[in-house]
There are 2 protein chains.
Amino acid sequence: MAIKTATRQRQSIADGVRDQKREHILEVAENLFFRQGYAGTTISGIVEHLGVTKPYLYYYFGSKSDIYETLCWQASNACLTAMHFEADDARPAIEKLREGLHRFASANVTHFKSGTFYYRDSSPLQPALLKRLRLLSRRFYDELSETLEQARQDGDLDFENTRLTARAIGSVAGFMYTWYDPDGSIAPEEMADQLSHILLKIAGEKSNRKGSRKHS
Amino acid sequence: MAIKTATRQRQSIADGVRDQKREHILEVAENLFFRQGYAGTTISGIVEHLGVTKPYLYYYFGSKSDIYETLCWQASNACLTAMHFEADDARPAIEKLREGLHRFASANVTHFKSGTFYYRDSSPLQPALLKRLRLLSRRFYDELSETLEQARQDGDLDFENTRLTARAIGSVAGFMYTWYDPDGSIAPEEMADQLSHILLKIAGEKSNRKGSRKHS
DNA sequence: CCTACCGATCGGTAGG
DNA sequence: CCTACCGATCGGTAGG
């Protein structure tokens, strides 16, 4: 039992180091993929920025597309599960919408680089992953549309076309990468707050005068 | 004089044919760039789809990036000049906003493939063109922001953060390429109408009950 | 026999 | 406007 524990600890430490190395590679690759696109980014360029060699990289990842797919899946999964709620969640739709859209906004701010890979360039993704991503995306818009319609029936929202409204909400978050500067004056949390506020507005939120702190 | 006219006519016809060939190349290249990205699209792939050889293509265009830049500039220019009005245009801001946003929506639907190149992958664009595009984009958001604020002062709009509202409007149009299918059930004109309607909603348009034909 | 690498070079393909 | 190519560079892997 003591031996087993010691062995497990050694493995955990080794795995932890391995995970750290992987994380570092992913971090550098993410920046390059975001700035130069998939095909515009070379393995040589990635390892150059890391200060390591190519075999080092290939020890941690099977291929260039493996890195891209890992980043893409992590980010897309975080963003597109934001509108998911337990079946026994009995809160009013408008409350779930507020929480869900804030989670969605936060996830898009946090993963605002890799979160763009799926729609900016999906050609490196293998068919199986693409299928999972399409399912994930469809579910997100289905859950968002359903919550929107429930809240409208409750009289808390005002909009016409549900699918278009859902797409418009997804668009504002998805397009943020073209204008948001994470190193700029607006902190991530503040950005997520402002973003979720405008997403609720697209949904036609009524009587939003509870925390209406005016900005000049 | 007669010779000059005849010569000019011959030149015009030759130029017309040349333009047709160029247009055909641009059309095929646009589809491939849109689907596969810049670096993911090969010159061999383009000429294969065209049924011609590489030297044929290089007779009409100087380089791969030349084709990409031509498409990118045409589309971005069409979309980002939509909010421009003559200095002596004395109409109310809300009227200009309606017309401008409808032009913007239409341009984005028409150029919904090449219109994405600037923000999906700008790395192939040479610095001079990138500078012109950035200027074009800045002017668009400046003009949009100014019109938004004027209309708000007139009491026709309701929104808080001007720059964020302008960015949200641009986002919904710019992200349309991820969900709009031009060969689908929604015709381009109908799409432009629906799109401009939701853009006005983001601006917080009041008393929009003039042409309120309800859709079930 | 493992890990974490290195210098050198593989087969193919890019833009031109 | 085609056939036949080039200098270089790509992603990935060999032996040690």
Side-chain angles (χ1 to χ4, degrees), chain A residues 3 6-26 28-33 35-72 117 121-126 129, chain B residues 10 13-26 28-30 32-33 35-72 117 121-126 129:
Chain A
I3 293 166
T7 304
R8 197 194 297 151
Q9 275 182 348
R10 271 204 300 279
Q11 284 180 342
S12 295
I13 290 165
D15 287 355
V17 171
R18 184 184 167 86
D19 286 349
Q20 279 177 17
K21 305 265 192 187
R22 276 178 61 96
E23 276 306 313
H24 191 208
I25 292 169
L26 288 172
V28 168
E30 181 180 37
N31 278 294
L32 292 173
F33 284 143
R35 294 201 320 248
Q36 307 169 347
Y38 178 78
T41 300
T42 64
I43 293 291
S44 302
I46 297 172
V47 298
E48 202 170 305
H49 274 82
L50 283 164
V52 300
T53 60
K54 282 198 264 189
Y56 174 96
L57 186 146
Y58 280 99
Y59 173 73
Y60 293 102
F61 291 94
S63 65
K64 182 186 175 186
S65 57
D66 183 13
I67 303 172
Y68 190 76
E69 288 181 329
T70 302
L71 288 165
C72 183
F117 295 167
D121 188 9
S122 65
S123 59
L125 309 175
Q126 61 187 17
L129 181 62
Chain B
R10 271 205 301 277
I13 289 165
D15 286 355
V17 170
R18 184 184 166 84
D19 287 349
Q20 280 176 19
K21 305 266 192 183
R22 277 177 62 96
E23 275 306 312
H24 190 209
I25 292 169
L26 288 171
V28 169
E30 181 180 38
L32 292 173
F33 284 141
R35 295 199 323 245
Q36 306 168 347
Y38 178 78
T41 299
T42 64
I43 293 290
S44 300
I46 297 173
V47 299
E48 204 170 302
H49 273 83
L50 283 163
V52 300
T53 60
K54 283 195 265 190
Y56 172 97
L57 185 146
Y58 279 98
Y59 175 73
Y60 293 102
F61 291 94
S63 64
K64 183 187 175 186
S65 57
D66 184 14
I67 304 173
Y68 190 75
E69 289 181 328
T70 301
L71 288 165
C72 184
F117 295 167
D121 186 9
S122 64
S123 59
L125 308 175
Q126 60 187 17
L129 181 62

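We name chains A, B, ... by the order of the sequence lines, and we start the count at 1 in each one.
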task: Ignoring backbone atoms, test whether B/Y59 places a side-chain nitrogen or oxygen under 4.0 Å from the OP1 or OP2 oxygen of D/dC1.
output: no

statement: note: B/I67, atom CD1; C/dG15, atom C1'; distance rounded to Å ~ 11 Å

Consecutive-pair stems (at least three Watson-Crick or G-U pairs, under 3.5 Å) that include DNA chain C: none

query: Given the C1' atoms of C/dG16 and D/dA4, what is the spacing between them in whole Å?
result: 13 Å

Closest approach of A/G40 to B/A39 (non-hydrogen atoms, all atoms of both residues): N-CB, 3.8 Å

query: So what does A/Y60 hit on the nucleic acid, given a heavy-atom distance under 4.0 Å: a base, only sugar-phosphate, or nothing?
result: sugar-phosphate

message: Tell me the interatomic distance from A/L50, atom CG, to C/dA4, atom P, rounded to whole angstroms.
response: 15 Å

field: Check: B/E30 side chain, B/L71 main-chain N or O, donor-acceptor pair, under 3.5 Å
entry: no

statement: DNA chain C nearest-nucleotide lookup for B/Y38 and A/V52: closer to the 5′ end is A/V52

task: Would you mind classifying the nucleic acid contact of A/Y58 as base, sugar-phosphate or nothing, using non-hydrogen atoms under 4.0 angstrom?
output: base

Separation of the P atoms in C/dG12 and D/dA8, to the nearest angstrom: 22 Å

message: Determine whether a donor-acceptor pair (one donor, one acceptor, N or O, separation below 3.5 Å) exists between the side chain of A/K54 and the base of D/dG12.
response: yes

task: Calculate the interatomic distance between A/F61 atom CZ and D/dG11 atom P; express it in whole Å.
output: 16 Å

message: Let's see if you can work this out: which of C/dC6, D/dG11, C/dG15 has an atom nearest to the side-chain heavy atoms of A/T42?
response: D/dG11

- prompt: For B/T41, which contact category applies under a 4.0 Å heavy-atom criterion: base, sugar-phosphate, or nothing?
  reply: sugar-phosphate

message: Is the terminal nitrogen or CZ of B/K64 (NZ for Lys, CZ for Arg) located under 6.0 angstrom from the six-membered ring centre of B/F33 and within 45° of that ring's axis?
response: no

Under 3.5 Å: donor-acceptor pair, side chain of B/Q36, backbone of A/S123: no

Listed nucleotide nearest any side-chain atom of A/T53, set C/dC5, D/dG11, C/dG15: C/dC5

field: Atom-to-atom span, CD of A/E48 to C1' of D/dG11 - whole angstrom
entry: 15 Å

query: A/V28 and A/I46: which non-hydrogen atoms are nearest, and at how many Å?
result: CG1-O, 4.0 Å

- prompt: Is a donor on one side and an acceptor on the other found under 3.5 Å between the side chain of A/S65 and the backbone of A/P124?
  reply: no

query: Rounded to the Å, how far apart are A/I25 CD1 and C/dA4 P?
result: 11 Å

query: Do B/L125 and B/F117 have side-chain heavy atoms sitting under 4.5 Å apart?
result: no

query: Do you know the tightest heavy-atom contact between A/Y60 and A/Y56?
result: CD1-O, 3.2 Å

statement: Rounded to whole Å, CG of A/L57 lies from P of D/dG11 at a distance of 11 Å

message: Just the rounded figure in Å: distance from P of D/dT13 to CD1 of A/I43.
response: 11 Å

field: Value in whole Å for how far the C1' atom of D/dG12 lies from OH of A/Y56
entry: 18 Å

